[in-house]
Amino acid sequence: MNNDCVLQLTCQDIYDIIQKLIAYNFIRKHDYEQLQCKKYKPLHLFLEMFRSIKHYEPKWFPTFICLLKEKKPNVFDLNSNAKGWKKTASSSVDMLEDLKNITAIHKDVNIPDNDSVVSSLSSLSTSSESCSIYSDKSESNLTGILTPSFVLQEKNLLSKVAHPDIWKDLDSLGILDFSQIICDDFSEGCTDMEMDSGCPLSKTEERRVLALKDYQLELTNHAVKGKNTIIYAPTGSGKTIVAIYIILKHLERRRTKKPVAFFATTIPLVKQQYSRITYYLQDKYKVLQVTSENDYSMSLNMILSGYDVVVMTPKILENHFRKSYLHISDFSVLVFDECHHTHKKEPYLNLMSFYLKAKKQSNAEESKVSLPQIIGLTASISIGKAKIFVEAVKNILKVCANLDAEKVSTVVKYEAQLKADVNEPEEELHLLSDTSNMDIVKELKKQMSKLEERLDYNSKDIECLETLVCSRPKDQLSPQYGQWAMDVFTRTRLIKPSDPLHTKYVTNIMTIADYLLAYNIAVEMLILVHIKDVLQFLANYLGKYRKSKDSATEEIIYYESFLNIKQLLEHKEDSESQNLNILKEKLMENLVLKDSTSCGIVFVRTRAMTESLTSWINQCGDLSPLRARAFIGTASMLNHRGLSQSEQEEIIQLFGSGQVRLLVATSVCDEGLDIPACSLVIIYNHVGNEVTSLQRKGRARQKGGKCILLATKASYNKELVNQKKRKWMLQAIRYISKMTPQKVTESNTSQQDKILKDTDKISFDMGTGISKEIPFKMMCSYCKSLVIESKNVKVFLQSHRVAVDSNILKQVKVFPLQSALNGKNSQSIGAVYCNSRNCINKLGTMMVLARAPFVVLKAENLVFDSEEHVQQTDTRRFSLKYCHFRQWNKVPYKLEDLETKDILSYLSQLSQAIHKDTAECST
């Protein structure tokens, strides 16, 4: 290779090559942005570019070579001399110390010492035969990437290139003589499946070296000694790498074959962490990924012995524990990612309750139970409602007790190195006007007050709702009010009516709560977006209550009040919003006018706001280059279909590639998703607690990133409180990290008895986790008129609950979809609604399964009743009610699988019904 030609490459030349490699998906856009943030010399930038390439991708090498030749046609003139290398030897030595500090997740190339660099650079020959720069093939050299011999002699790189076809491509380009290349190891190359997984799986490849920085090693101090530890460090500091290092050290010295369990809160995070763990451990240890999507998610006990590390969601293991398929002692280490979720009602704490019970049993008996080591990873731990520093310490100690952690690891000694490595976003706070469209706001508040009076009247004889109704927040504009209205709606539908009059009151309460929730959202939108968006939201949301011949008197009154508001909105001039202008100014300044690769996230409270803002941004000429997309959760709520997981992944991919530069998101983006770092985060009047505040801020971790709060006075003040709490959080964690293990253990012991009592109260019979084989009923959660017997519902391929009684078709309305949605083994063709009088509840979806149309029921829109009804824990509010479950896997009753005979019987019923209807029509 003509090294002088390479040395003549400018930074712009190299950036041009990188841009094309991004287009071919051989370099991540995020890595390119990181390179742009630093001022590199050309040679240094060239080396960093090479390191950033996804070497496990097929065909990366000939593409790279072609792009290099395109810039410098003489780069492969092997008759050129190498004097240029000798000239740069001394500068390369100066550069070496900087290279050793380069942050990279995949450290594929070891950095040699200074002497070897000088020796290697000076010994380069003009001929291809004497071009080698290695005295030892096992030791790679950074400068060696500029010579053909590097390609031929570096085993690690050979295994990545993997396929002989690639060398043939180079041969056809006139770059290398394929006939002179002997590749004995090609048979051990990656399979197509391994390539697609994002992790190189070559058997010949040596394990990646985990080169931790000083501050990362400091975080491992307690955990590598086998102590239960919470590792606290900011976002972007490499906590996952720290955890992998601890796991590796544990596996190397373990005495038993017990595996390590690594938990993540969501399926996308499980996949992300599995990829990272596999990257470093795959050659020596077997790693398994388990989510609810896997066929073996309920038979982990059958295959566990064949693996060293299992990456999964906590619910997977909890289910195995409840069914006694596995025991806590079957694992040697439990790692909890985002461990601040280990609190009441969360899966992490449910899982830890099995650990704490085993610990208590072990202390009480002579025979000791072998308990796993516990490791928690977090960037934030909530201090709850603490008003003083002492309370903050107590709240964090509760999390320590939940995880039985005796030590908290933080960075102290190497804090300066951490701060230099982890970008701290700049924070800005701006007040928004809360006086926009006040005439309409006053009218909405007036209507809300009237609805509150009707709510009080309808609920006065229902004792089990009295406490909830009386806890109504005073501020009708606050998010807390909206949450209260949602609570009234969801909890009222669980009431079991004792007589028809009671049923009427219950239905009225649910309708009123729904209106109050819609008006609460509309009031916030009036302040933050255009009037036309508010009008569209209310029309879509409340249109389901439009008058019909079956409408009840009260429903007609509520709907007519809405029509009055609608008329007022239609006649209101939609002037330019002052708050939207502020948002536009910040987006222009920090994204549009900055550079074409910058990207950001705008956080809002509701799904309606994501739709309104996304539409406004894309229609606004100056902001349209951002190509904004709305990003919401997967659950269906407020009559709004969520995004599917595949849709979420597609949007994240577009965001990472730069095709989408702005996400308008709800709190689903706070954490739990592998979203690329961005340069701007704007919180548009949606302030959470101190934890969410830190999580959102951490999204803007690109160098020079900003986190901007645009908020009305109430939200502004709440963020000031969060900032104070964040300081207390850090101080409290450091205070606890200095406590002696004895004091922390004493605190843990006093808390854990209470934890065990609370977890024993978890709803319905979860002691065994075995589904009960008893008959039960499912009813429309809104009207309770539509009733389905459990014997008429079957399970299709362990995923869909389908009604196999054709009579249900007479009780529902089916609205065809504009286009059929194809899924695995299914096709969605319509939305199914209850057909009872005055009912607007969506029951599920009409799907084609096994070539037959079935009503697929949605658990969250049903309520459940059985003779063996188990009372819920909150008996103060609800003394008599149905059960409600958001997901089918939470339902404690067993349903039979759909068999061929069920399908034939169902089709026979359909055929008879069709003939009967045809006969009636003909007469």
Worksheet item: Can D670 and R696 be counted as an ion pair, charged N to O under 4.0 angstrom?
Response: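 Yes, D670 and R696 are salt-bridged.
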Discussion item. One thing to verify: whether R472 and D456 come together as a salt bridge, which I'm taking to mean a side-chain N less than 4.0 angstrom from a carboxylate O.
Written reply: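 Yes, charged N to carboxylate O under 4.0 Å.
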Worksheet entry | Verdict with supporting geometry, D805 and K791, salt bridge (charged side-chain N to carboxylate O under 4.0 Å, His left out) | CA-CA 9 Å; D805 182 2; K791 65 181 181 181; over 6 Å; no
Could you check if a side-chain atom of [X] sits within less than 4.5 angstrom of a side-chain atom of [Y], using non-hydrogen atoms only?
X	Y	result
S790	K777	no
L895	F776	yes
H686	S667	yes

Item to complete: May I ask you to check whether Y519 and F562 place their ring centres under 6.0 Å from each other?
Response: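 Distance test on ring centres: not under 6.0 Å, no.
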Fill in: Nearest atoms (heavy-atom pairs only) where M448 meets N520
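Heavy atoms of M448 and N520 come nearest at CE-N, 4.1 Å.
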Discussion item. Looking at every heavy atom in both V664 and A628, which two are closest together, and how far apart are they?
Written reply: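 Closest approach of V664 to A628, heavy atoms only: CG2-CB, 4.5 Å.
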Practice prompt. Anything under 30° is parallel, anything over 60° is perpendicular, the rest tilted; go ahead and classify Y893 against F864.
Written response: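 Taking F864 first and then Y893, their aromatic rings sit tilted (interplane angle of 30° to 60°).
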Worksheet item: Parallel under 30°, tilted from 30 to 60°, perpendicular over 60°: which one fits the rings of H341 and H343?
Response: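 H341 vs H343 ring planes: tilted.
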Worksheet item: If you measure from CG on L623 to CG on N618, what distance do you get to the nearest 0.5 Å?
Response: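 It is 9.0 Å, given to the nearest 0.5 Å.
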Worksheet entry | Test log, rule salt bridge (charged side-chain N to carboxylate O under 4.0 Å, His left out), inputs K858 and E860 | CA-CA 6 Å; K858 195 172 183 65; E860 66 176 344; 3.7 Å; yes
